[in-house]
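Working notes, beginning with the structure itself.
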Amino acid sequence: MRFLIISDVHSNWDALQAVLRHVRRKRYDRVVFLGDAVGYGASPNAVLTWLQGLGTSAILVRGNHDRVCSGLDDGDYFNRFAREASAWTFDRLDERNLEFLRSFPEGPGELGPDAAICHGSSFDEDAYIFSVYDAQQAFRSLPHPIIFFGHTHVPTLFSLHMEHGQTNLRARLLSGTRTVINLEPETRYLINPGSVGQPRDRDPRAAYAIFDSDSRRVYLYRVPYPAAAARRRIIQAGLPPVLGDRLLHGA
Ligand code: ZN
């Protein structure tokens, strides 16, 4: 089975379209979405209509912005810009998309016995996995050898294996246009494919991954898209301009 893995789209339809064009000639069986479909960007309905159109073939978990933008959570911990954007989104979602957004399940979810998915971390959908310590907690709370996560918007790989009776946990930031990860049988992995719609690793290109569970490989890609157009839409919508500016820098 081949899974297209996308995360943190954040209402950026320009970026999502570029990813879908890029992936068109690659085979995949199911779409996996790691949360934060909306919030920040100017095209929430376009993104949600596409996701909803996938029907039951898509495997979803909700993100914190999905909760706040659909009114399930008041988001009082959000900064000013995130709060402004979530109120803007809530006001503009059409009825069908609002209902769909509210139906996103809380993670973690499963892609089979070997792989799990979550938005933030496996024990808390809002926790961030930045450090080796964070990764250790996440590995502990789920048995799956492979766990995909989002939320940080930074493409990252943590690997855990036993070496001479000691656990060895390594972290690696994944940069570059195409990265291939060969999944070893005795090793566990936590993999963040990066963000489609608001990358934060100083590379403004949209990020996504393909997970091939038969060949046990993960492919990560970076795709250029018209970030200036996405920025213009944000400014024209009356959203905080900083949310458009950051797209140009991947920050
Ligand atoms: Zn996010």
Side-chain angles (χ1 to χ4, degrees), residues 5-16 19 31-44 46-48 50-51 58-90 93 101-102 104-109 117-122 124-130 134 138 147-156 173-174 190-209 220 222-223 225 227 230-231 234 239-240 242-247 249-251:
I5 303 189
I6 57 174
S7 191
D8 297 279
V9 178
H10 285 290
S11 301
N12 189 339
W13 181 235
D14 296 280
L16 180 58
V19 165
V31 174
V32 176
F33 175 61
L34 306 180
D36 280 2
V38 296
Y40 296 137
S43 310
V47 170
L48 288 171
W50 173 77
L51 257 184
I59 305 166
L60 320 172
V61 291
R62 68 183 186 186
N64 50 329
H65 287 258
D66 301 326
R67 291 201 320 269
V68 176
C69 291
S70 63
L72 292 176
D73 179 335
D74 61 17
D76 54 0
Y77 55 94
F78 270 14
N79 67 39
R80 183 160 64 89
F81 303 122
R83 246 200 330 265
E84 255 183 70
S86 55
W88 181 96
T89 305
F90 181 75
L93 284 176
L101 189 60
R102 286 188 164 157
F104 283 20
E106 181 180 351
I117 59 170
C118 57
H119 180 63
S121 186
S122 42
D124 179 351
E125 60 183 338
D126 292 342
Y128 289 91
I129 304 176
F130 278 117
D134 301 333
I147 304 167
F148 293 96
F149 69 101
H151 199 34
T152 65
H153 299 206
V154 178
T156 315
L173 292 179
L174 304 166
L190 269 162
I191 301 169
N192 187 327
S195 164
V196 171
Q198 198 197 72
R200 293 182 192 161
D201 60 344
R202 300 270 156 199
D203 180 345
R205 295 177 296 174
Y208 76 95
L220 282 98
R222 297 307 284 262
V223 186
Y225 79 94
R231 174 181 174 270
I234 283 171
L239 283 158
V242 65
L243 298 177
D245 296 342
R246 66 188 300 175
L247 297 179
H249 311 290

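Each ligand, and each atom within it, is numbered from 1 in the order the structure gives.
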Q) Is the distance from the Zn ion (ligand 1) to some N, O or S atom of H10 under 2.8 Å? A) yes

Q.
So, 2.8 Å as the limit: is an N/O/S atom of H119 located closer than that to the Zn ion (ligand 1)?
A. no

Q. At the Zn ion (ligand 1), what's the angle from D8 OD1 to D36 OD2, rounded to 10 degrees?
A. 100°

**Q.** Gap separating the CG atom of L239 from the OH atom of Y40, nearest 0.5 angstrom
**A.** 12.0 Å

Q: Nearest 0.5 Å please: distance from the CG atom of N64 over to the CD atom of E125.
A: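 Going from the CG atom of N64 to the CD atom of E125 covers 8.0 Å.
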
Q | Pairwise side-chain contact, Y77 with V68, heavy-atom cut-off 4.5 Å (strictly under) | A |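 SC-SC contact between Y77 and V68 confirmed.
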
(Q) Counting C-beta onward and ignoring hydrogens, is there a side-chain heavy-atom pair between H153 and N192 closer than 4.5 Å? (A) no

